[in-house]
Amino acid sequence: MADPFTWVAIGTAVISAGTAVYTNNEQKKDAKAAAQFNEDQADFNAKQQRNAATTAANDSRSNALRTQETHRKYLASLRTKMLEKSQTIEGGDRDFLNEATGDLQLRVLDQGVRDQRQQAQYFNNAFAYDRQAAGAAFQGAQASTAGSINTGAAVLNGFSS
């Protein structure tokens, strides 16, 4: 029969190994849960950015149409005033009207470029969030693998003790 110190040492080794296994499993679950949370958050943010890009595109189209209509009315009013004044639109008046038309068209095009840049920024942000989600998924897989290895090592360490 073994002496009591041997039984105490065996009991301590078993308890130590069991505690290490339990701790490693809990750490593995926590790391996977944190990685899953980060992945879900990044996926949500990417979706929000894509929705914002779609909304911005729709708003841009509506605003462009509204701006063109406003400019069309302004130019019509300008033509009417010119015709009331001189009964014809010739020479300098025609040049002024053509220049005003070109300036207003340019404003619409410039706003369209700004809107496209904003939409591109939304899509770039969505892409960055997609990369974060992929990174979080990879971290979750790594945490799971590391937790399994650590659990196996704790069991082997317990047996060797």
Side-chain angles (χ1 to χ4, degrees), residues 10-81 94-161:
I10 291 171
T12 303
V14 168
I15 290 171
S16 176
T19 303
V21 167
Y22 175 77
T23 302
N24 284 329
N25 281 335
E26 290 302 307
Q27 287 176 344
K28 174 181 164 180
K29 282 194 253 179
D30 290 345
K32 282 179 68 175
Q36 185 62 50
F37 174 80
N38 290 338
E39 182 180 0
D40 291 345
Q41 187 68 40
D43 285 339
F44 173 79
N45 289 340
K47 182 179 178 185
Q48 291 299 100
Q49 291 295 307
R50 285 188 184 88
N51 288 343
T54 301
T55 301
N58 292 337
D59 289 349
S60 175
R61 272 192 291 282
S62 297
N63 289 338
L65 291 173
R66 197 170 22 262
T67 301
Q68 285 177 333
E69 182 62 19
T70 301
H71 291 340
R72 188 190 62 73
K73 288 178 181 177
Y74 169 75
L75 291 171
S77 168
L78 197 57
R79 264 191 300 277
T80 302
K81 287 178 186 175
R94 179 175 294 283
D95 292 341
F96 177 78
L97 194 57
N98 287 337
E99 187 175 339
T101 302
D103 288 346
L104 295 175
Q105 293 273 347
L106 191 58
R107 280 189 201 166
V108 171
L109 293 173
D110 286 345
Q111 185 59 47
V113 168
R114 284 190 294 274
D115 292 344
Q116 287 175 352
R117 285 182 182 147
Q118 181 187 29
Q119 292 166 36
Q121 185 61 45
Y122 287 131
F123 283 118
N124 288 341
N125 291 344
F127 177 73
Y129 285 123
D130 286 339
R131 290 187 59 201
Q132 283 181 359
F138 178 74
Q139 287 176 342
Q142 292 295 94
S144 178
T145 301
S148 297
I149 290 170
N150 289 338
T151 300
V155 169
L156 292 175
N157 191 27
F159 280 126
S160 71
S161 295

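For the numbers below, each heavy atom of this structure counts, side chains included, while hydrogens, waters and symmetry mates do not.
Side-chain N or O atoms of Ser62 include one that pairs as donor or acceptor with a backbone N or O of Asn58 at under 3.5 Å. Side-chain atoms of Thr55 come within 3.5 Å of backbone N or O of Asn51 as a donor-acceptor pair.
Side-chain contact between Leu104 and Val108 is absent, with no heavy-atom pair separated by less than 4.5 Å. Contact annotation: the side chain of Gln36 never approaches that of Lys32 to less than 4.5 Å [non-hydrogen atoms, C-beta and beyond].
With rounding to the nearest 0.5 angstrom, the CG atom of Asn25 is 11.0 Å from the CG atom of Asp30. Distance check: Lys73 NZ to Thr80 OG1 gives 13.5 Å after rounding to the nearest 0.5 Å. Within the model, atoms CD of Gln119 and CG of Asp59 stand 9.5 Å from one another, a figure rounded to the nearest 0.5 Å. Taking CD of Gln27 as the reference point, atom OH of Tyr22 lies at 11.0 Å (rounded to 0.5 Å). Between the OH atom of Tyr129 and the CD atom of Gln41 there is a distance of 8.5 Å, given to the nearest 0.5 Å. The NZ atom of Lys28 sits 8.0 Å away from atom OG1 of Thr145, with the distance rounded to the nearest 0.5 Å.
A salt bridge links Lys29 with Glu26; the closest basic N to acidic carboxylate O contact falls under 4.0 Å. Salt bridge status for Asp130 with Arg50: present, with a side-chain N to carboxylate O gap under 4.0 Å.
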Self-check item: side-chain hydrogen bond (donor to acceptor under 3.5 Å, both in side chains) between Asn125 and Gln121, intermediate numbers included
Solution: CA-CA 6 Å; Asn125 291 344; Gln121 185 61 45; 3.0 Å; yes
Quiz item: Do Glu69 and Arg72 pass the salt bridge (Lys or Arg N to Asp or Glu O under 4.0 Å) test, and can you show the C-alpha distance, the side-chain angles, and the key distance before you say yes or no?
Solution: CA-CA 5 Å; Glu69 182 62 19; Arg72 188 190 62 73; 2.4 Å; yes
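Contact between Glu39 and Ala137 at its shortest, heavy atoms only, is OE1-CB, 3.6 Å. Heavy atoms only, all atoms of each residue included: Gln132 and Ala42 are closest at CB-CB, 3.9 Å. Residues Ala35 and Gln139 share a closest heavy-atom pair of CB-C, 4.3 Å.
With 3.5 Å as the limit, one finds a donor-acceptor pair spanning the side chains of Asp115 and Gln111.
Annotation for Glu99: atom CD does not count as buried by contact number, only 12 or fewer foreign heavy atoms lying within 6.0 Å. Atom CZ of Arg114 is surrounded by more than 12 heavy atoms from other residues, nucleotides or ligands within 6.0 Å. No more than 12 heavy-atom neighbours from other residues, nucleotides or ligands sit within 6.0 angstrom of OH on Tyr74. Within a 6.0 Å radius of CD in Gln105, other residues, nucleotides and ligands contribute 12 heavy atoms or fewer.
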